[in-house]
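Throughout, a chain's letter reflects where its sequence line sits, starting with A, and its residues are numbered from 1. From a predicted model like this one, the values you see are computed outputs, not experimental measurements.
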There are 2 protein chains.
Amino acid sequence: MAEVRPIVWKGGKLFLLDQRKLPARETLLELSGARDTAKAIKDMAVRGAPAIGVTAAFGLAMEATHFRAGRIREDLAKAAATLEAARPTAVNLKWALVRLHGVAEDVLREYGEDASPRRVAAAIRREAQAMMTKDIEVNRRLGGHGAKLLSRASGVLTHCNAGALATAGYGTALGVIRSAWESGTRFGVYATETRPYLQGARLTSWELTKLQIPVTLLTDGMVGHLFGTGRVSAVVVGTDRTAANGDVANKIGTYQIAVLARRHNIDFYVAAPTSSIDLDCRDGSAIPIEQRGSEEVTHVAGRRMAAEGVQVFNPAFDVTPAELVTAIITEAGVVSGDYRQGLARAVKKARG
Amino acid sequence: MAEVRPIVWKGGKLFLLDQRKLPARETLLELSGARDTAKAIKDMAVRGAPAIGVTAAFGLAMEATHFRAGRIREDLAKAAATLEAARPTAVNLKWALVRLHGVAEDVLREYGEDASPRRVAAAIRREAQAMMTKDIEVNRRLGGHGAKLLSRASGVLTHCNAGALATAGYGTALGVIRSAWESGTRFGVYATETRPYLQGARLTSWELTKLQIPVTLLTDGMVGHLFGTGRVSAVVVGTDRTAANGDVANKIGTYQIAVLARRHNIDFYVAAPTSSIDLDCRDGSAIPIEQRGSEEVTHVAGRRMAAEGVQVFNPAFDVTPAELVTAIITEAGVVSGDYRQGLARAVKKARG
């Protein structure tokens, strides 16, 4: 199968496959520091929680080459703040920055407050590269666990894009579908277009087509009717942040798919690398929901579709309560039942 | 309040407000016979079950001026078949044609098989005009009944467009909202954009703005999250065909809104003029669901958004089971509980 590489690190520069241009054009966006990387994240040239985390890590790595001797902590804090502000909901972004902070602190501890910025920058760069490699490995392991759950699926629906494009590579929810497909299981794959940003139409359908997995596209309002036809036996989605109790924040529209899945006795799975599990977050009510601008709703493909003067409701995410989730698939195994205990165990296993 | 007139009959010609051009431009489409009228219906220059019924009636009235003496029945059958084939789900289309058939038969009975085509054409035209006038009256009565149900609403959501634009004037679901508003009740109005055809974004938001009723637009995937905020206390939608048992065929996406309304204890009302109630249709499983072309889903505003090679699922309607419907609002009163008995009674009252 063809590989989809959304994030390329080459010669000390970060290149992103510009996802705003897909599926029409495959162009690379060249980045050089924290500020332009934060803008690329905010403007959605890259999206998906794991991809944002790795991208921010490389953003910090590039910025670190400009840190001033003796003022490393100050410069680091400023660069990290710039990156962290880009998207508030994804926990991976914060998680990546905390980790790189730790790496920098290790160097400062070892070499003293006057450690050379180059040494700190190199350590951050190495860690960013390790995070990228590890993300792909994690997704492959997660995919393998999830594939077993789909061994008897007749049809699988996914929402938004939790594919290679949303990660460093391979994908989480699409990684599960892909892994099942690679192991020879065959089922119909359905993708919601995912308004307002159309990640399903633009990205998931592009990625699956590239992987030669046939996909059927539908609008977000067709899910209930599709479920009524009996063609779908499972849903697999990604997550931007999963709380300690199993409540799942993911792309707007996920919650209602879960409600419909329950009504139609369809399994609802969440592909959650442990990096997206926030044990410090007690439940979904503590997850901040980003509200985005009105133009995403009033305009499509740059053209105004709504009447002038309308107000707009545009939350980017919603929260699916744990009670609607059949199982959460992590790289450390599949968790179901008591999520509080199971997720804590999975996180411990993955990090330990 | 400004009036919205989607169908204008003037000098023996039919003029439709071309709804494909809204909200950007208000242009009238001039029609002259059954064939171009059928095409206007099929291409969605006009949409909404009652509007389609009245439009088809005028299409037949115009075509009737070309009927041949002695071959009126043959010409009538052909013209009616052309019009009926334009959209299969809306019962009003068929209902209008059956009624005009009856009018033509009355003339033929009275004046014999050699009745002048002009006489038949005049009778059909008068009936079409009466249908238009009556549709507006029916909507006003329906709106009045429905307004009482919204007297304590905090927020009302509607889907697609069941407004003046979907009827000869005033509207069904929007007629209810408008009537409540005219009687002084104030609540937030929410409109789903209604992909793939964006009737909510393009038509409902335009119509409500024109009526000076503030409206908040959201995508179809945001309904569940919106309901979770507690801002909406009632849903009002139209219907293309309601079966004898209260199962409701309406724009794709309606069913899942009803499922979500039930989960959140939100009232789910259907505005159904008795012309849209099909007592011959036992339940929703007997209602044909039109499948439309894939471009509506793969393209937005004429621009391809999905990857090449995807398959598409594009049903135009879905069926909401009666058990999810709080009440059905007709011009003859509000029906709830035993729909089979209540709807039969409402139809009898309206027609008797």
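Residues A:Val46 and A:Pro6 have side chains not in contact (no heavy-atom distance under 4.5 Å, counting atoms from C-beta outward). Within the 4.5 Å cutoff, the side chain of B:Leu22 has heavy atoms near those of the B:Leu17 side chain. A 4.5 Å side-chain heavy-atom check between B:Tyr339 and B:Val248 finds every atom pair outside the cut-off. In this structure, B:Trp206 and B:Glu26 have side chains that are in contact, with non-hydrogen atoms separated by less than 4.5 Å. Looking only at side-chain heavy atoms (C-beta outward), B:Val300 and B:Leu198 come within less than 4.5 Å of each other. Using a 4.5 Å cut-off on side-chain heavy atoms (C-beta onward), A:Ile287 and A:Asp278 make no contact.
Contacts between B:Arg262 and chain A at a heavy-atom distance below 4.5 Å are absent for every atom of the residue. Heavy atoms closer than 4.5 Å to chain A are found nowhere in B:Leu208, neither backbone nor side chain. At a 4.5 Å heavy-atom cutoff, the contact between B:Arg303 and chain A is made by side-chain atoms alone. Contact annotation for B:His264: only side-chain heavy atoms (C-beta onward) come within less than 4.5 Å of a heavy atom of chain A. Both the backbone and the side chain of B:Ile252 come within less than 4.5 Å of a heavy atom in chain A.
Contact count against chain A (heavy-atom pairs under 4.5 Å) is highest for B:Leu324 among B:Leu324, B:Leu203, B:Thr254. Counting heavy-atom pairs closer than 4.5 Å to chain B, the top residue among A:Ile289, A:Leu218, A:Val312 is A:Val312. With chain B as partner, the option from A:Thr192, A:Asp220, A:Val215 having the largest number of non-hydrogen pairs under 4.5 angstrom is A:Val215. Put simply, of A:Glu296, A:Glu308, A:Arg202, A:Arg263, the one with the most heavy-atom pairs under 4.5 Å next to chain B is A:Arg263. When each of B:Asp318, B:Thr204, B:Val310, B:Val223 is checked for heavy-atom pairs under 4.5 Å with chain A, B:Val310 comes out on top. Per-residue heavy-atom pair counts under 4.5 Å with chain B were compared for A:Thr194, A:Thr209, A:Leu226, and the maximum is reached by A:Leu226. With respect to chain A, the highest number of heavy-atom pairs below 4.5 Å among B:Glu207, B:Arg195, B:Met222 belongs to B:Met222. The greatest number of non-hydrogen atom pairs below 4.5 Å with chain A, out of B:Ser205, B:Ala258, B:Gly253, B:Gly302, is found for B:Ser205.
In this structure, the separation between OG1 on B:Thr320 and CZ on B:Phe268 is 4.5 Å, given to the nearest 0.5 Å.
A:Arg47 and A:Gln199 form no side-chain donor-acceptor contact under 3.5 Å, judged by distance and modelled atom types alone. A:Thr239 and A:Asn250 are not linked by any side-chain donor-acceptor pair at a separation below 3.5 angstrom, with hydrogens and angles left out of the test.
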